[in-house]
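Reviewing the structure listed below.
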2 protein chains.
Amino acid sequence: MPDRKESEADHQTREEARAQSGEAAPALALSGGGEGASKLGRDDWVRAAYAMLAEGGAASLSVERLAARLGVTKGSFYWHFKDRADLLDALRRRWTQQLVITRVEAAGGAPEEKVAHLLDIVVRSTRQRRGGSLELAMRSWARRDAETARVVEAVDQERLDYTAGLFRQIGFDPEEAEARAFLLYAYVFSQGVFTFMEEKALLARIHALCRRRIAEPEDGARAAE
Amino acid sequence: MPDRKESEADHQTREEARAQSGEAAPALALSGGGEGASKLGRDDWVRAAYAMLAEGGAASLSVERLAARLGVTKGSFYWHFKDRADLLDALRRRWTQQLVITRVEAAGGAPEEKVAHLLDIVVRSTRQRRGGSLELAMRSWARRDAETARVVEAVDQERLDYTAGLFRQIGFDPEEAEARAFLLYAYVFSQGVFTFMEEKALLARIHALCRRRIAEPEDGARAAE
DNA sequence: CTGCGTCAATACGGTTGCGTATGGAACGAT
DNA sequence: ATCGTTCCATACGCAACCGTATTGACGCAG
């Protein structure tokens, strides 16, 4: 039975639970909170649920396990949320606002640099594993939930459009820009999905080459200048 | 509550269940079966479960819903399988044996043609949606199950190695072959994952271009001939 | 007809999970 | 001190599942 193995130790204090889950204390909630930050805010719940979503997917995200992870009981959960569906809504919204684009835009620079930044996102990100799990969880969830499917498709579309725009700014014609944008997106997404990409060696070997195939102009007809 | 909505109508005959689930009757089981094929074999269960895995993921694959889908009760299930874990094992094995590589090899031809075949797999496949869902479900499942992670990684590695081998046969040096193999895999995988790829128009627009970026030699230095 | 193997129905106990109801502790305001 | 707000605990009913035990229907060999 390869599925569950926890849920034996229940009944524990908040501090114990936090200690064993390896999670940092909420730390915001009340801005003046001194040490323990004894009360949880809605945002603490959403953040913890977000982590669980990445680990186990939406289907195995239960209210009671979430509460146990936070060291409280579900009595508290239903004070902050109407429903489990209410929590899931919040998760969808949070994921939508986790914008990669704004991060890239904030870094600024020429379109070429932005593309390079996009290409390196997974490589740079220390916790690529979690990012990939999230993307995976969202898409797996989207297969059986229409609203999630809507959200995910919208985000994908936005990312693709943005990337295609960069390529157009660089000078590719619209079709070529769209194709390269998709290739780039597929490449970055796959980096987060395939576990053998965690061997740094493989990634180091192929990254520069992939980057060239995706982002550089054709070698024969070098455009202008 | 966007999750469940079925499981109200239970208690029905086998034929009713099959009719309303829109599924074809098992149709093998007993090779001499005339009409209804009244008895189910272990393989029928695995096949039905395989379909449910694609639709809902491993977490939401329950024995009782599976039985209901087949028009029987779980009393029957536990005759064919020791466990739910037993069924999941069978699913993992089935997925492992669903070899794309052998299909491509069977078609034969020069390495270039095989690469082309790989590139067109999703485009050709009429039920790309289901294939993508399966790949997605397996990987989402693998994030929380070690054995599945092992299986998936082995399959990915095999596919990557095979594709890299093709590129080496074409004449690329090993590093370039590996990089292009990954790009190809990422491209094909992503086609099955992103829902906006279901618009045939977009795919038609970018496919040729992507194919060139992935499979064709650099335009500047055209190799030999 | 009898017995046996095969597949399935029914019934049961146990666990997990959802959502509700209700009460209590901490804290600030009046 | 009293009250209201905020967060949490406990207890309950209910449904979905898992796995087991028992019994039944059906075909087939003897």
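Below, chain A is the first sequence line, B the second, and so on; all start at residue 1.
Using bins of under 30°, 30° to 60° and over 60° for the plane-to-plane angle, the ring pair A:Y187/A:H207 lands in the parallel bin.
As a whole-Å value, the separation of A:L40 CG from D:dC7 P is 9 Å. A:E64 has its CD atom 14 Å from the P atom of C:dT20, to the nearest Å. Residue A:L70 contributes atom CG, which lies 9 Å from atom P of D:dC8 at whole-angstrom precision. Rounding to whole angstrom units, CG of residue A:D44 and P of D:dT6 are separated by 16 Å. Distance, B:L66 CG to D:dG19 P: 13 Å, rounded to whole Å. For A:R65 and C:dT15, the CZ to C1' distance is 14 Å, given to the nearest whole Å. Put simply, CZ on A:F81 is 12 Å from P on D:dC7, counting in whole angstrom units. The distance from atom CG of B:D86 to atom P of D:dC18 is 14 Å, rounded to the nearest whole Å.
Taking the side chain of A:W79 as heavy atoms from C-beta on, and the options C:dA8, D:dC8, D:dT20, the nearest nucleotide is D:dC8. Residue B:R84 places its side chain closer to D:dC18 than to any other of C:dT20, D:dC18, C:dA8. Residue A:V63 has its side chain nearest to C:dC18 when only C:dC18, C:dC7, D:dC7 are considered. When distances run from any side-chain atom of B:W45 to the nucleotides C:dG19, C:dA8, D:dC18, the shortest one goes to C:dA8. When distances are taken from the side chain of B:K39 to each of D:dC18, C:dC7, D:dG19, the shortest belongs to C:dC7.
Among the protein residues, B:T73 comes within range of the nucleic acid bases, having at least one heavy atom under 4.0 Å from a base atom.
A donor and an acceptor atom never sit less than 3.5 Å apart when one is taken from the side chain of A:K74 and the other from the base of C:dG17.
Dashed line: the shortest gap from a side-chain N or O of A:H80 to OP1 or OP2 of D:dT6 is not under 4.0 Å.
Not counting sequence neighbours, the partners of A:A181 by the side chain to side chain contact (heavy atoms under 4.5 Å, CB included) test are A:L160, A:T163, A:A164, A:F167. In this structure A:R150 satisfies the salt bridge (charged side-chain N to carboxylate O under 4.0 Å, His left out) test together with A:E147, sequence neighbours excluded.
Checking B:R69, B:R65, B:R129 one by one against B:E55, the salt bridge (Lys or Arg N to Asp or Glu O under 4.0 Å) holds for a single residue, B:R69.
For the pair A:R143 and A:E153, the salt-bridge criterion is not met [side-chain N within less than 4.0 Å of a carboxylate O].
If you find the closest nucleotide of DNA chain C to A:G75 and to A:S60, the one lying nearer the 5' end belongs to A:S60.
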